[in-house]
Amino acid sequence: MSETTEFTKICALDDVWEGEMDVFEVDGQEVLIVHVEGGEIRAYDPVCPHQDHPLIEGEFENCILTCSAHLWQFNAISGKGVNPEGVSLNAYPAKVENDHVYAVLPANN
Amino acid sequence: MANVNEDRYVGPVMRKGEIGDAVIEAIQEDNKGRDIIIEEHESYFRIKVEGECLLRFETVGDMLGSDVASSDIESAMPAFEGFIRVSTDQIRFLSK
Amino acid sequence: MAMLKMEDWYDLARETSWTPSYVRVDEMFPKPMSNDFDIPISEWEKFDEPYKISYREYVRMQRDKDVSAYSVKAALARSKFFENASPHWKALLALHFSTVGWSEFHSASCFARQSRFGRSPGMRNMATFGTLDEIRHGQIQIFFGYEFLKHDAVFDWCHKSSKTENWIPISLRHALDDICHTRDATTAAIMLTVGFEQSFTNLQFVALSADAAKCGDHTFATMLTSVQTDEARHAQIGEPLVRIMCANGKKEEAQKLVDIAFWRMWKQFSVLSGVGMDYYTPIEHREHSLKEFMEEWVIGQFGRSVVALGLDLPWYWDELHKDIESFHHAQQIGLYVYRALQWWRPIAGVSPDEREWLEKKYPGWNESYGKCWDVVTENIRNGDLEKTVPPVPPLVCNMCGLEVAGGVGDHWHPVNYNLELDGRRYHFCSSVCKWIFEEEPERYKGHTSIIDRVLDGTVPPGPDGLFEYMGQSEAERGVDGYDYEWIDGYNVIREAAE
Amino acid sequence: MPVELRKMKTWSKLAARKRRPSEYEIVTTNLQTRNRHANQAYELSPAPDLAMNEWYEKNVFNSALQHEDWEEFRDPDELIYRVYTRKQDSQEEYVDGLVNEHNEIGHDQDLEPRWLDVLERLYTPRRYLQSALQMNAAYLVQIAPASTLTAAAGFQEGDEFRWMSRIAYRTRELQIAHPDRGFGKKERDYWENDPAWQGIRELMEKVLITYDWGENFVASNLVAKVAVDETLRQLGATARHNGDQLLSHLADNQLLDSDRSRRWSAATVAFSLSHPGNNKVIAGWIDKWMPLARKAIETYCSALPESDGAADNAIANVEAFHRSLGLGD
């Protein structure tokens, strides 16, 4: 598996409103896009680092992403664990251009 | 037409569950001497007592092993037949 | 000393009436808002709440009720119940949530009228709980309906239908505005709580809940009964009011209010609950037919309580018995054949098995309504879909706003009860709707039905004019919920026969 | 099989902002129907044939307070029913605790006769005042031109009822502790006849018969309710100085509910200011009602013991609230 720095188009900005998160599949790979209140966009590996539970089944409120499996909580901007601390979501570089969201996905094997 | 009120049956309709079961038992306990009919439906019981139905919260509490207030009854009682009289300790359902 | 019991202090909380001196009593309780029926205030103040509760207990209890109801929803949110539900049940949910949520929210205003203009403090206090309850019922149902939006845009109508000029909201607003929102506090309290809540809400919130439980829709079932636990409490406002009126020689007036309100709500519920129970609920999950539920809850329970209260059964009780067997069957045909006028995806509900069930529950159905469905079915089998939609708009009742359908026997018998007033002809579906109009023509005569609006040019002309007027984009016009695949059942029978 | 499902992120009416709506917005917006047609608020004969349509046209559509779309109003607290009952259950739990604690230490028995005179005359009759406030909030519920306003007024109605009930409860407790006094017997007489109450009663009665929705809202939620709640603040402060800690805590708790009313009322003003002319209309009504409110405060507060400055403080607080509304000069 090799790293790439190429941005891939993930979705339209309209697909994920402020305050929402959603999972998109690009080239067979899933990515979680989080649109934080205030406008920032983040891209994450869509599973919880705890037990690989899909994060999309959890809650996203007030900048906090909560996994529904064991209620682990993460700051949606930094990706860092709030409860428990010392853990992080696996973040991918992301940007918005021309009303579309782009992210750098780990290489696809 | 079944609208003769002299022998009207009155009482609560209880959602199925712990409270509903306890209410059935309590009503049977507190209304001895009156004819009581329990009708079972898919999601509720209709409890029918001839003439008047007394429901004492203390008796329900005895059945459940915990304190019971009118709010506990209300939360599990979507309907009832008869004129209701609610007080701190009991509910009465009157036929007229 | 421990906390006082409610009985120890509650009487003080209903000694709150005073004699105004800076304004006149008739200014503080003006007639359009507060009719005392010429009964002295001392009589109204005898109002004794049958169902007493304190604010303190209320907020505790209601908090707990919501925790239960919302937690059932949260627990089942991932169960994919909705995705796996049949088009039958989806049609029922759409019909329920897009009509009941906002109209319950409106009832908050009706109770507020009772709190402001009611003549007795006990009534004003009970009605305050009613106002809060109805805010709850609006909000919880809209919230639960919202959940489905991400699966199906039909549910947008939970939020938007109230303000549209679609014929169904017009019909529903007309009924509720008539009994709740355009009446004085006493009248509205009797019409809403006795004529409506003590009778029909049980159908939709307890009886339907049994169907929902059988369907495995526990979120819906729990929410329905939770709502009805509030209704069962605040609906008791009517009992002392009717007793006070009867004791003061106003039985006839009270009787008329109950008779009008009951009929108006029967028409609404015969469609909502009747079509919902007898056509939209999958047959394997039906607890009872509408007729059976009506016999239990309305003819039986409500009928007995009206008589025990000192009133008579409504004068049209025999008419009601006939209507229970017919009205919603006729409306169902209308809902299906004019399906584009609905925002949801109507269900025919007449597969061979379903027809067998209908015949069993309503003997003679096959020979009457069944014959209409024979024609519809035959056209679909032949691929003549356009023939299943009538070329002319239906005749609509100027009272209930529903189709003038009439009875069906060997032939279709649409009896059009009508009358002329000030050069305008009014049509009614029944002698009772006509009677209500004649009791007080001023209230009703200036209103136009959806069809009147087509004829008088209010609705823009052209094939899309009516849809534009009703707020329905092309994607929001109802189509057969099964894309006609229910017809396969008949094809199998035909093939077997051949 | 079934027709392809179409999907939406939120109600079409809320979609334009491309922001996930709050639960409050989902369940409280766009639910009113009586704001659709000027002469036919209700779906029956238009005004003047139907009295209620005429009432609504006159008092809402023809009110001097106007806005193009009242439905866009939002309660800054975004209060919904299930949060309201949760919050108020906690508050009532707290008040139960307060009342019980003071009971256990014989609080009521220990009160000075002079202070009992004050309670009898100026505190327990407040249940009539609360009832008047409850009735007026109920008018706002049925007349307001947007569902978000209806909901806010509905919770306010609940709050007024809450305190009417608590005062009744306290009245009975005081009556049990001091059966020889007028508690539980003389409240109506004080309310109807004692000079201390007549300013407040005149104010409330006149607000109650103000049926124009805009003026009723201003007269009640920006003036009368604010004024009478400030008299409660003064009563609470006096209680603290007279050894009645219980009443001072109860007053503080009640004023939390008043603060919520002020927040949504101020937000209503702020929202309405986008419509030209409303600031003059609102300011005009405030000016019209303030003399009665001042008189109400003065007649009540002057009856408080050691009342120097009480009325001035109360009036200053009302005026400070008015300044905070941003109505300009």
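In what follows, every chain begins at residue 1, and chains take the letters A, B, ... in the order their sequences are listed.
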Report yes or no: do D/Q88 and C/Y58 form a side-chain donor-acceptor pair below 3.5 Å? no

Is there a side-chain contact between D/Q142 and C/F117 (heavy atoms, below 4.5 Å)?
yes

Would you check if D/Y81 and C/Q62 make a side-chain contact, meaning some heavy-atom pair closer than 4.5 Å? yes

*asked:* Between C/D66 and D/R86, does any side-chain N to carboxylate O distance fall below 4.0 Å?
replied: no

| Hey, is C/R60 close enough to D/D89 for a salt bridge, meaning N to O under 4.0 Å? | no

Honestly, the part of C/R183 sitting under 4.5 Å from a heavy atom of chain D is backbone

Could you check whether any side-chain N or O of C/K163 sits under 3.5 Å from a backbone N or O of D/Q32, counting only pairs where one atom can act as donor and the other as acceptor? yes

Within residues 126-133 of chain D, contacts to chain C at heavy-atom distances under 4.5 Å involve D/R127, D/Y128, D/S131, D/A132

task = Indicate whether the side chain of C/S21 and that of D/R201 have a donor and an acceptor atom separated by less than 3.5 Å.
result = yes

TODO: Inspect the contact between C/R443 and D/D49 and indicate whether a charged nitrogen and a carboxylate oxygen are less than 4.0 angstrom apart.
DONE: no

Checking heavy-atom separations under 4.5 Å from chain D, one finds in residues 174-181 of chain C C/H174, C/D177, C/D178, C/H181

- Query: Where does the angle between the aromatic ring planes of D/Y169 and C/W9 fall among parallel (under 30°), tilted (30 to 60°) and perpendicular (over 60°)?
  - Reply: perpendicular

